[in-house]
Structures are given as C-alpha cells and as structure tokens.
Amino acid sequence: MKMRKKVSVLGCTGSIGKATLDVIRHLPQKFQVFALAVRSNIDLLEEQIKEFRPEFAVVFDPDSAIVLQKRLPNTPILSGLDGLKAAAGHKDVDFVMLAMSGSIGLHPALAAIHAKKQIGLANKEILVMAGEMISGLAKQQGVELLPVDSEHSALFQCLRNEPLSSVRRLILTASGGPFRKKNAEELEKVSLEEALCHPNWSMGPKITVDSSTLLNKGLEMIEARWLFEVEPERIDVIVHPQSVIHSLVEYVDGSILAQLSKPNMVLPIQYALTYPERKPGLLAPFDFQACSQLTFEPPDKKRFLCLQLALDALKAGGSYPCALNAAGEILVERFLSGCISWIDIGRKLEKLMSSHRRSNMLSLDSILSVDCEMRELARQA
Ligand code: NDP
Ligand code: MG
C-alpha cells in the first residue's frame, strides 16, 4: 500500500486549518495528520485530537497547553515557538500546512524550509515581511512553496509548464469587499460589524478586515512577487465582485488563462496537498446559471488607500513590505478592539509608511527588528 502523506497543520482551529482537516477527512487514503498546532483554542483542538489522533499537538500559549495536557495525558502537548518549530520541522512530517495568521508564522516556516518539507502556504504575512529571504532559502533548499491563497493557487494552476518569460502580467482578482460601492463620506462611518461581513468568503477576522480595506489584495501582490519571482511591474489587480475567477495570467501573445470555481478554500487547499496530482474534490459541479454574470472594474486606490500604500511598498521593496505588514497587523488589531475607526487604518498606515526609511532586508535579525519597531510605532500612532 502507498504511504499516506503525514501532514502538520499549524493553525488547525482557524478557517484555513479547519478546511484543511475537511480535505484530509475527505481523502483518508492519501493523508494522515501528524501534528496539530493552535494558539489557545484548546476546546476545538481537543476534539480534533480525538478525531485525527496526531503524534503530538502544540498549544502556543503555555498555560493553555498545561490545561490540555491534563485533559489528554496520552497525547504529548508541546508549547511556545519550540513546539511550533517541532511540528513544522520534525523528521517524520511530509507536508506542513502553514495556516496560522500573522508574522509569528515566520519561525515555523523557516524550520519547515530548513528541514526540506513540502509546504502549503496560506500564511501570506510571512512572504510579505520576508519574501526575499524565504524565497531565496526555499530555492537553495529545493523546497517548493505551494500556494494556498486562492488567487495564487489560480496563478499557479494557470502558469503550469509555461516559462515566466512568456508572461506579460499576473492579474489578481479582488472581490472589492463589503464597501465597494460606498463613497468617501460613507467610508468615514463604517462599523466593525460591517467590515467583518464579507460578501463572498468566510475567513478569520484579520484577513476579513484586510479585505474590506483592500490591504489584503496589496499583501497578495507582494506575496505573488515572491512566490512567482515576477517583478512588481508585471503584477496587476482587477476588481471582480463575484469571486468566481480567482486570478488570471496574461501571456505575451495576448492569450489569457484564468481559473474559475465556486469561492471555497477547500479547492486550493486540496490542490496544494495533492499537487502535482488532482483528486476528486468536495465541490459540486459548477453551476453556470447561478453565476451567469462575471464583471470587472478597476480598483479605486483613492477610496481604498491601503491598496495604494501596499503597491508603493511593493515597488519600493527592501524593508517597506515588512514595515507595511507589521503596521497593518497592529492597526487592524486596534480596529478590532474598537480603539480606532475603519478609515483610520488607512490614514495611520499612510503616516507610518511615509516616515519609514528603507533598509535592505538580508538577515532574519534585520527583518525582526523592522517588524518590532514598526509594531511599536503603530501602537502609538
Ligand atoms: P483564523 O484567524 O481563522 O485562524 C488562525 C489560526 O492560527 C488559528 O488556528 C489560531 O489558533 C492559529 N494561531 C494564531 N496565532 C498562533 C500562534 N502564535 N501559535 C499557534 N497558532 C496560532 O485565520 P485564517 O484561517 O482566516 O487565516 C490564516 C492565514 O491564511 C492568514 O495568513 C490568512 O491571511 C491566510 N488566508 C486565509 C484565507 C481564508 O479564507 N481564511 C484565504 C487566504 C489566505 P487559535 O484558534 O488558538 O487562536
Ligand atoms: Mg486571497
């Protein structure tokens, strides 16, 4: 019998993590869970451990780890960064699904690359803050970073077997978020509840807010720059409110390839897991009648300032994307806790980015120091 792939799922209680477990449950002959990792949601983790029986689990928060270990004495429960690195770099793991949110995911990502694991990358913040280093290291180690973000999975599928020299543009699609039709005056007063209500996708809070400001699309352009090693000038974005076309590749001869499907993350997750094969999936056949209209419009970078700021950071390079990511994480955290308004996310980000001075980002230390400094500034902004 063919060996099953052993998968570590980092962030298994989140939206991507749960969908990853759905795919593993759907293809039990192909995959088995090796390790599971969360921050502190031990109730759901406990259920997942009982169902998937991993070799060990990780609870980042040490106090919660102790509580869970008491409940489950037969499953080793690790904690902290060392625990995350063990789940990502253990010699017996085959595939590491990086589905945590935020820049904390950088450390296990590095562990997985050093250990030459197959990697499914949902945790885009890692490539935004340290894209040059991560993609260089992955290449050096012969590790392929398999995209999980739906846009990048679409690009990856459309790029198969084509050299990058044939590509004119990578075109990422954006839904436009819940505020696509709001004018500048209305945007001054949008609420947290409205920002958390995405028209097409159900996701964790950080990425949902980023989708409402279009910062998410900017982060994704930076992610694409490093995943596919394409210069910023060849990465474009178009608003496509139905989220059926997940992205497109325009070739130099004018031909455009697109990937279409219902907006559901199980598809890109499964493609990363089964790559380079395809296996029967969880989606019902596509319903063309229900999706008879596919429309496009240019993004408005004035109303959605965060997109412009991310584009500027993409073009400026160096430490700018890392600074943008760190400041964005803190500003969204402050918005989620009710301390600042939605419109302030863009305004404060603009101020913070205009005061940032570019440095080259060659070492892990320089990346972590820009990250830390920018977080502090964003807390006070
Ligand atoms: P969620 O907020 O739903 O889930 C985050 C997960 O990460 C949870 O399991 C959480 O654990 C875990 N986590 C957070 N911090 C730590 C930590 N320090 N140590 C261990 N685990 C931690 O996020 P999403 O699933 O929405 O997003 C995950 C990533 O995927 C993000 O980078 C996002 O941008 C990206 N992505 C998401 C998409 C989506 O559809 N949701 C689409 C494309 C990309 P706990 O539950 O204990 O807090
Ligand atoms: Mg996406």
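Both ligands and their constituent atoms are indexed starting at 1 by order of listing. Below, all heavy atoms of this structure are taken into account, side chains as well, without hydrogens, waters or symmetry copies.
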A.B. asks: For atom 7 (O) of ligand 1, what's the nearest protein heavy-atom neighbour? Residue, atom name and distance, please.
C.D. replies: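 Ranking protein heavy atoms by distance from atom 7 (O) of ligand 1, first comes M100 CA, 3.3 Å.
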A.B. asks: Which is closest to atom 21 (N) of ligand 1 by heavy-atom distance: V128, V38, D61?
C.D. replies: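 Residue with the shortest heavy-atom distance to the ligand atom: V38.
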A.B. asks: Is any N or O atom of D149, backbone or side chain, closer than 3.5 Å to an N or O atom of ligand 1?
C.D. replies: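 Min N/O separation from ligand 1 is not below 3.5 Å for D149.
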A.B. asks: Just jot down the ligand 1 atoms closer than 4.0 angstrom to any heavy atom of N123, in number order.
C.D. replies: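 Near N123, the atoms of ligand 1 are 32 (O).
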A.B. asks: Distance to 0.1 Å, residue and atom name: give those for the protein heavy atom nearest to atom 38 (C) of ligand 1.
C.D. replies: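 In this structure, atom 38 (C) of ligand 1 has I16 CD1, 3.4 Å as its nearest protein heavy atom.
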A.B. asks: Less than 4.0 angstrom from a charged side-chain N to a carboxylate O is my criterion; do D43 and R71 meet it?
C.D. replies: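 The answer is yes: the pair qualifies as a salt bridge.
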A.B. asks: Whether R347 and E350 form a salt bridge (side-chain N of Lys/Arg under 4.0 Å from carboxylate O of Asp/Glu) is what I want to check.
C.D. replies: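 Answer for the salt bridge query: no.
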A.B. asks: Which is closest to atom 16 (C) of ligand 1 in terms of heavy atoms, R39, E151, H152?
C.D. replies: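 Nearest option to atom 16 (C) of ligand 1, by heavy atoms: R39.
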A.B. asks: Would you call R379-E376 a salt bridge at under 4.0 Å N-O?
C.D. replies: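 So R379 pairs with E376 through a salt bridge.
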A.B. asks: For atom 32 (O) of ligand 1, what is the closest protein heavy atom, and at what distance to 0.1 Å?
C.D. replies: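 The answer is E125 OE1, 2.7 Å.
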A.B. asks: Check ligand 1 against I104 and write out every atom of the ligand that is under 4.0 Å from a heavy-atom position of the residue.
C.D. replies: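 Those atoms are 18 (N).
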A.B. asks: State whether E186 and K181 are salt-bridged, where the test is any N-O pair (Lys NZ or Arg NE/NH1/NH2 against Asp/Glu carboxylate O) under 4.0 Å.
C.D. replies: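 No, E186 and K181 are not salt-bridged.
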A.B. asks: Tell me the protein heavy atom at minimum distance from atom 4 (O) of ligand 1, and give that distance in Å.
C.D. replies: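 Answer for atom 4 (O) of ligand 1: G14 CA, 3.1 Å.
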A.B. asks: Is it the case that more than 12 heavy atoms not belonging to E231 sit under 6.0 Å from its CD atom?
C.D. replies: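 Yes, the 6.0 Å shell around CD holds more than 12 heavy atoms from other groups.
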A.B. asks: How far does OG1 of T274 sit from CD1 of I269, to the nearest 0.5 angstrom?
C.D. replies: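 Answer rounded to 0.5 Å: 12.0 Å.
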A.B. asks: Taking 4.0 angstrom as the limit, do K124 and E329 come out as a salt bridge?
C.D. replies: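 No, this pair does not count.
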A.B. asks: Starting from atom 34 (O) of ligand 1, which protein heavy atom do you reach first, and at what distance in Å?
C.D. replies: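 Protein heavy atom at minimum distance: K124 CE, 3.2 Å.
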A.B. asks: Geometry only, no angles: is G102 polar-contacting ligand 1 at N/O separations under 3.5 Å?
C.D. replies: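 Min N/O separation from ligand 1 is not below 3.5 Å for G102.
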A.B. asks: Only heavy atoms of A122, strictly under 4.0 Å: list the atoms of ligand 1 that pass.
C.D. replies: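 This gives 30 (O), 32 (O), 35 (C), 36 (N), 44 (C) as the contact atoms.
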A.B. asks: Nearest protein heavy atom to atom 26 (O) of ligand 1, by residue and atom, and its distance?
C.D. replies: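 Nearest neighbour among protein heavy atoms for atom 26 (O) of ligand 1, to 0.1 Å: G204 N, 2.8 Å.
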A.B. asks: Which ligand 1 atoms, with their elements, are less than 4.0 angstrom from a heavy-atom of G11?
C.D. replies: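 By the 4.0 Å cutoff, the relevant atoms are 6 (C), 7 (O), 9 (O), 12 (C).
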A.B. asks: Taking C-beta and beyond as the side chain, do F52 and C12 meet within less than 4.5 Å on heavy atoms?
C.D. replies: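 Not touching, per the 4.5 Å side-chain cut-off.
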A.B. asks: What residues form a ring pair (Phe, Tyr, Trp, His ring centres under 6.0 Å) with F304, not counting sequence neighbours?
C.D. replies: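 F304 satisfies ring pair (Phe, Tyr, Trp, His ring centres under 6.0 Å) with no residue once adjacent residues are dropped.
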A.B. asks: May I ask you to check whether W342 and S212 show a side-chain donor-acceptor distance below 3.5 Å?
C.D. replies: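 W342 vs S212: donor-acceptor pair found between side chains.
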A.B. asks: Are any of the N/O atoms in W201 less than 3.5 Å from those in ligand 1?
C.D. replies: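 No, since none of the N or O atoms of W201 sits under 3.5 Å from an N or O of ligand 1.
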A.B. asks: Do S243 and N200 have side-chain atoms, one donor and one acceptor, less than 3.5 Å apart?
C.D. replies: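 Side-chain D/A pair, S243 to N200: present.
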A.B. asks: For the residue pair K6 and E55, establish whether any side-chain heavy-atom pair is separated by less than 4.5 Å.
C.D. replies: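 No. Closest side-chain heavy atoms not under 4.5 Å.
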A.B. asks: Run through the protein N/O/S atoms less than 2.8 Å from the Mg ion (ligand 2) and write them out by chain and number.
C.D. replies: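 N, O, S partners closer than 2.8 Å: D149 OD1, E151 OE1, E220 OE2.
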A.B. asks: Strictly below 4.0 Å, N to O, side chains only: are E51 and R25 in salt-bridge contact?
C.D. replies: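 R25 and E51: salt-bridged.
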A.B. asks: Only heavy atoms of C12, strictly under 4.0 Å: list the atoms of ligand 1 that pass.
C.D. replies: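 By the 4.0 Å cutoff, the relevant atoms are 9 (O).
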A.B. asks: Partners of H107 by ring pair (Phe, Tyr, Trp, His ring centres under 6.0 Å), sequence neighbours excluded?
C.D. replies: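 Scan of H107 (ring pair (Phe, Tyr, Trp, His ring centres under 6.0 Å), adjacent residues dropped) gives none.
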A.B. asks: As a check for students: among I207, N216, T208, L81, identify the option with a heavy atom nearest to atom 36 (N) of ligand 1.
C.D. replies: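 Minimum heavy-atom distance to atom 36 (N) of ligand 1 goes to I207.
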A.B. asks: Examine the proximity of ligand 1 to L84 and report which part, side chain or backbone, both or neither, has a heavy atom under 4.0 Å away.
C.D. replies: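 Contact part for L84 vs ligand 1: side chain (C-beta onward).
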A.B. asks: Got more than 12 heavy atoms from elsewhere within 6.0 Å of CD, Q380?
C.D. replies: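 Enclosed: over 12 neighbouring heavy atoms sit under 6.0 Å from CD of Q380.
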A.B. asks: Taking the six-membered ring for Trp, are the ring centroids of F31 and F95 within less than 6.0 Å of each other?
C.D. replies: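 Aromatic pair excluded; centres sit 6.0 Å or further apart.
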A.B. asks: Is there any N or O on S150 that sits under 3.5 Å from an N or O of ligand 1?
C.D. replies: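 No; every N/O pair is 3.5 Å or more apart.
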A.B. asks: What atoms of ligand 1 come closer than 4.0 angstrom to any heavy atom of M203?
C.D. replies: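 Atoms satisfying the 4.0 Å criterion: 26 (O), 39 (C), 40 (O), 41 (N).
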A.B. asks: Please list all pairs meeting salt bridge (Lys or Arg N to Asp or Glu O under 4.0 Å) that have one or both residues in residues 359-374, counting only residues at least two apart or in different chains.
C.D. replies: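 Qualifying pairs: D371-R375.
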A.B. asks: Among all the protein's non-hydrogen atoms, which is closest to atom 45 (P) of ligand 1, and how far away is it?
C.D. replies: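 Residue, atom and distance for the closest contact: T13 OG1, 3.4 Å.
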A.B. asks: Give the residue and atom name of whichever protein heavy atom lies nearest to atom 3 (O) of ligand 1, and the separation in Å to one decimal.
C.D. replies: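 For this ligand atom, the closest protein heavy atom is S15 N, 3.0 Å.
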